[in-house]
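Worth knowing before you read on, the calculation uses all heavy atoms, side chains too, and leaves out hydrogens, waters and symmetry mates. Just so we're clear, the structure is a prediction, and the values are computed from it rather than from any experiment. Order of the sequence lines sets the chain letters (A, B, ...), proteins ahead of strands, with each chain counted from 1.
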Number of protein chains: 2
Amino acid sequence: MTLPPLPSHYRVAPFAEDCAPRRLLRLFSGKWTTMILHTLHLSGGGSRPGELQRTIPGLSKKMMIQTLRDLERKGLVERVVMQVMPPVVDYRLSESGRRLIEPLEMLYRWGAAHAAFLDTLD
Amino acid sequence: MTLPPLPSHYRVAPFAEDCAPRRLLRLFSGKWTTMILHTLHLSGGGSRPGELQRTIPGLSKKMMIQTLRDLERKGLVERVVMQVMPPVVDYRLSESGRRLIEPLEMLYRWGAAHAAFLDTLD
DNA sequence: CTGCATCCTGGGCGATACTG
DNA sequence: CAGTATCGCCCAGGATGCAG
């Protein structure tokens, strides 16, 4: 969990538009992306859509599916389907998805630890 | 720099829409916000607009000013004006702004350290 | 040089209704 | 229950031009 210092090319202007830090932030910039990743992480072994949606207030079915599809395309989330009636589906983090949990939880923990400060920023 | 574990109410569903972690992520979700904070941080003691814009490829004058105004409103950036002709202006991180550097640099460092991984995510 | 006012486009996001 | 299909809004963000 100990992070190396920022490489020198990130301390010299200018740095590329699609550099790694920017890509990471773009990944996290979707309104529901991190909430979903975080919730899937907490759930341990997968969540069903209905449960997932109930867990995240304000999340619409459409945005949930859309975000999940996007994460699936990127290989961060796996979709497990049980062919029964009514259908049973399970979403879980992939190996790649689990790697993203580290920076994400760092952010969440920092945010939680500095809630009072964040509340002062309108 | 050692972060406490996530409080229990973030491990219980559902948690509030405007909870601290979400606020932090919303703050970072603007396209140029973190780049500007990061660059101001690297510059040590303030940057002039022209220099700032040249440092961040793709940043338009309009978006730079708009983002800086927004950060100023939130008390994260201070604007120092020298009343001369032509005008000389200096932007620097405020005390609050400097507090945000910690989570931001964590993200940047993680991203830089995992650049190869991030490049595989389309 | 710094900064504002306009105009415009794309897409993120939400609401709703429908299918199996 | 899981998922799709439309429609439409809103606004972030880009281009351009003007002002002090």
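- Note: CD (Glu72(A)) to C1' (dT4(D)) measures 15 Å, nearest angstrom.
- Between Glu78(A) and Leu93(A), the shortest heavy-atom contact is OE1-O, 4.3 Å.
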With sugar-phosphate taken as primed atoms, P, OP1 and OP2 and all else as base, the protein-contact string of nucleotides 13-20 of chain C at under 4.0 Å (heavy atoms; B, S, -) is BBB----B
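- Met64(A) places its CE atom 17 Å from the C1' atom of dG12(C), with the value rounded to the nearest Å.
- The heavy-atom pair separating Arg99(B) from Trp110(A) by the smallest distance is O-CZ2, 3.4 Å.
- In this structure, Ile56(B) atom CD1 and dG14(D) atom P are separated by 12 Å, rounded to whole Å.
- Remark: Lys74(A) engages Asp70(A) in a salt bridge, criterion side-chain N to carboxylate O under 4.0 Å.
- Computed from coordinates, the Asp90(A) CG to dC1(D) C1' distance equals 14 Å when rounded to whole Å.
- Taking the charged nitrogens against the carboxylate oxygens, Arg54(A) and Glu51(A) have no contact shorter than 4.0 Å, which rules out a salt bridge.
- The existence of a salt bridge linking Arg69(A) and Glu72(A) is confirmed by a sub-4.0 Å separation between a basic side-chain nitrogen and an acidic carboxylate oxygen.
- Nearest heavy-atom pair, Asp90(B) versus Arg48(B), reported as atom, atom and distance to 0.1 Å: OD1-CG, 3.7 Å.
- Here Arg79(B) does not reach the OP1 or OP2 of dT2(C): none of its side-chain N or O atoms lies under 4.0 Å away.
- Regarding Ile36(B), its CD1 atom lies at a distance of 11 Å from the P atom of dG13(D), rounded to whole Å.
- Residue Arg48(A) places at least one side-chain N or O closer than 4.0 Å to OP1 or OP2 of dA2(D).
- At whole-Å resolution of the value, CZ in Arg69(B) and C1' in dG3(C) are 7 Å apart.
- Between the C1' atom of dA12(D) and the CZ atom of Arg26(A) lies a distance of 15 Å, rounded to the nearest Å.
- Counting to the nearest Å, the C1' atom of dA2(D) and the CG atom of Leu68(A) are 11 Å from each other.
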